[in-house]
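Predicted, not measured: the structure shown is a model, and the values here were computed from it. A, B, ... follow the sequence lines: proteins, then strands. Residue 1 opens every chain.
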Amino acid sequence: MYGLVDCNNFYVSCERVFQPRLDDRPVVVLSNNDGNVVSRSAEAKQLGIAMGAPFFQVRELLRHHQGHALSSNYALYGDMSRRVMARLAAHAPAVEVYSIDEAFLDLHGLTTWCGTLDARVHSIRRDVLACTGIPTCVGVAPTKTLAKVANRLAKKHPELGGILRLDTASRRERALRALPVADVWGIGYQYAGKLATHGIRTAWELSQVSEAWARKYLGGVVGWRLVQELLGQPCQGLLPSEDGTLARKSISCSRSFGQRLSSLDHLWGALSTYLSRAAEKLRAQGDQAHLLTVYISQDRYDTHVPPPYTRSATLTLPGGPTSNTLQLLTYARRMLERLYEPGRFYAKAGVVLDGLEPPGRGQQLSLFAAAPAAILPAPDTGRTQQLMHTLDALNRQFGRGTVRPAATVAAAGQPAPWQGKAQHKSQAYTTRLEDLMVVG
DNA sequence: TCTGGGGTCCTAGGACCC
DNA sequence: TCTGGGGTCCTAGGACCC
């Protein structure tokens, strides 16, 4: 049996833990740049505010109902997430951290040593709420996809008490008949449309299609696995997360700018900042990358700009895999110069690090290792690795960005021209000493 | 010059997720 | 005026290998 634990309205719930004045009223949390709504309280959902809605479209509605909009505070959400996951790990034999607010639990054997499964799951929910202040819902079922179904229905029907267990054929059928097919995990916008034209409206109807049909219309083997999982046939196992974090296969960092940029210097300032951040994450995971992608995008909402909006370049690092920020910056600078066109206005930039592997394991040596210095940056020696190590240690102790490459620094006394908006941000209640709450 | 089978790696693109 | 960021998996074609 799998359990899927999903935090209710996670970002809003995190904010409410430290700001009780937000209780019982419409609250939304916004994406970077205060662009879109990414988390909504029940009251905000009640007002008809959609997930992903552009903030400017709902600002008035929210104001009219004495609601609140907050900029996203990832330092807070990340830390709250770690606390929730730590509680889950204390209860279940194995936990797969699936996202910042969700985890799959291995529920094997939980009934044998402490009451019924339902009683155990209820006590896990109570414990998470008591220790972190975060409310959750749990779906319990023999496959991950059915656990998602159960979780979805538990959220939709508060009268279930936050838990739904789908472990018999009749419970499964009732649940699948009650769930619109678009709410199934793995059915997105495109597939939902396709299914509708074939008269498939519920999860139950989807579970009854043939293998050939699923393979033809739902992306091959992926679609067939989905159908089998709905039938109770597990196709996906649990991928236990070591130490409560999940190792990524790619690492990226991108941002929309606060304003359009056209100068190469400004773009480089932004891009080098994102690359520094991505490399930091890479080292924190203990990996090196051998693929680097750089991209710059024009405003995709500007009707005067013809597509494509994004130009990108991917490079297999000729010097072999690295996690050295300075080395990566050397490559990225040249890639940016290739992509950049004077006179254009750019709205966003980003980097992706791919082909991740731990250092020094069966490394492929470069064919061009003897190429002239103009082509290759300085090799990744022990000294530069020591430098990165020191950089990370300083930034951990004194705060992110205390020591950083000069390219990422804007002109003295000026806010960086690429800096986005975050006008309604709450404090780092749990991760910054100055922001700690004082009671008394 | 043409002939076949089996395989890897790279790249791009499309779908999905939270 | 104002429209996010970070991921996953799969497929398919081309270059190249033996």
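- At a threshold of 4.0 angstrom between heavy atoms, the contacts of A/Lys194 with the nucleic acid are absent.
- Between A/Trp213 and A/His198 the shortest side-chain heavy-atom distance falls below 4.5 Å.
- Separating the CD1 atom of A/Ile187 from the C1' atom of B/dC16 is a distance of 9 Å, rounded to the nearest angstrom.
- Put simply, A/Ser254 has no side-chain N or O that comes within less than 4.0 Å of OP1 or OP2 on C/dG7.
- The 5' end of DNA chain C is approached more closely, in terms of each residue's nearest nucleotide, by A/Arg260 than by the other of A/Gly219 and A/Arg260.
- Of the candidate nucleotides C/dG4, C/dC10, B/dC17, B/dC17 has the atom lying nearest to any side-chain atom of A/Tyr98.
- Distances were taken from every side-chain heavy atom of A/Val222 (C-beta onward) to each of C/dC10, B/dA15, C/dG4; the shortest belongs to C/dC10.
- As judged by a 4.0 angstrom heavy-atom cut-off over every strand, A/Phe55 is placed among residues making no nucleic acid contact.
- Backbone-only engagement by A/Leu291 is indicated by non-hydrogen atom pairs under 4.0 Å involving sugar-phosphate atoms exclusively.
- Note on A/Tyr301: a side-chain N or O is less than 4.0 Å away from OP1 or OP2 of C/dG4.
- Among the nucleotides C/dG4, B/dT11, C/dG6, the one closest to the side chain of A/Arg300 is C/dG4.
- Nearest to the side-chain atoms of A/Ser252 among the listed nucleotides C/dT8, C/dC10, C/dG6 stands C/dG6.
- Per the geometry, CZ belonging to A/Phe257 stands 16 Å off C1' belonging to C/dT3, to the nearest Å.
- With respect to A/Leu391, the side chain to side chain contact (heavy atoms under 4.5 Å, CB included) criterion is satisfied by exactly one of A/Leu326, A/Thr402, A/Val403: A/Val403.
- In this structure, the OH atom of A/Tyr217 is 15 Å from the P atom of B/dA15, given to the nearest Å.
- The residue A/Val37 sits apart from the nucleic acid: no heavy atom pair falls under 4.0 Å.
- Salt-bridge annotation for A/Glu280 and A/Arg404: absent, with no side-chain N of the basic residue lying under 4.0 Å from a carboxylate O of the acidic one.
- Residue A/Ile251 places its side chain closer to C/dG7 than to any other of B/dC17, C/dG7, C/dG4.
- Nucleotide C/dT11 holds its P atom 18 Å from the CD atom of A/Gln190, rounded to whole Å.
- Phosphate contact (OP1/OP2 of C/dG7, side-chain N/O of A/Ser99, threshold under 4.0 Å): absent.
- Nucleic acid contact class of A/Arg225 (heavy atoms, under 4.0 Å, all strands): sugar-phosphate only.
- Figure legend. C/dC18 is base-paired to B/dG5; pairs are counted as Watson-Crick or G-U wobble with both atom distances under 3.5 Å.
- Taking 4.0 Å as the cut-off between side-chain N and carboxylate O, A/Glu43 and A/Arg16 count as a salt-bridged pair.
- Residue A/Lys144 contributes atom NZ, which lies 14 Å from atom C1' of B/dC18 at whole-angstrom precision.
- The aromatic ring of A/Phe56 does not sit over the base of C/dT3; the criterion of centres under 5.5 Å apart with planes under 30° is not met.
- Taking only side-chain nitrogens and oxygens, A/Arg255 comes nearer than 4.0 Å to OP1 or OP2 of C/dG6.
- In this structure, A/Arg59 forms no cation-pi arrangement with A/Phe56, as its terminal cationic atom is not both closer than 6.0 Å to the ring centre and no more than 45° off the ring axis.
- Between A/Asp101 atom CG and B/dC18 atom C1' there is a gap of 7 Å when expressed in whole angstrom units.
- Distance from the side chain of A/Thr314 is smallest to B/dA12 among B/dA12, C/dT3, B/dC16.
- In this structure, a donor-acceptor pair under 3.5 Å is absent between the side chains of A/Asn9 and A/Ser41.
- Residue A/Asn33 is classed as having no contact, given no heavy-atom separation below 4.0 Å to the nucleic acid.
- The interatomic distance linking A/Lys348 (NZ) with C/dG4 (C1') rounds to 7 Å, in whole Å.
- Within the nucleic acid shown, A/Ser72 has no heavy atom closer than 4.0 Å to any nucleic acid atom.
- Side-chain N/O atoms of A/Lys421 include none lying less than 4.0 angstrom from OP1 or OP2 on C/dG4.
- Comparing A/Cys253 and A/Arg59, the nucleotide of DNA chain C nearest to each residue sits closer to the 5' end for A/Arg59.
- For A/Lys249, taking side-chain heavy atoms from C-beta onward, the closest of the listed nucleotides B/dC18, C/dT11, C/dT8 is C/dT8.
- Across the protein-nucleic acid pair, A/Gln57 atom CD and C/dG4 atom P stand 11 Å apart, rounded to whole Å.
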- [ ] Start with the C-alpha distance between A/Tyr346 and A/Tyr309, add both sets of side-chain angles, then the distance that settles ring pair (Phe, Tyr, Trp, His ring centres under 6.0 Å), and finish with yes or no.
- [x] CA-CA 9 Å; A/Tyr346 296 94; A/Tyr309 305 107; over 10 Å; no
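- Of the candidates B/dC17, C/dC9, C/dG5, B/dC17 carries the atom nearest the A/Trp185 side chain, counting heavy atoms from C-beta on.
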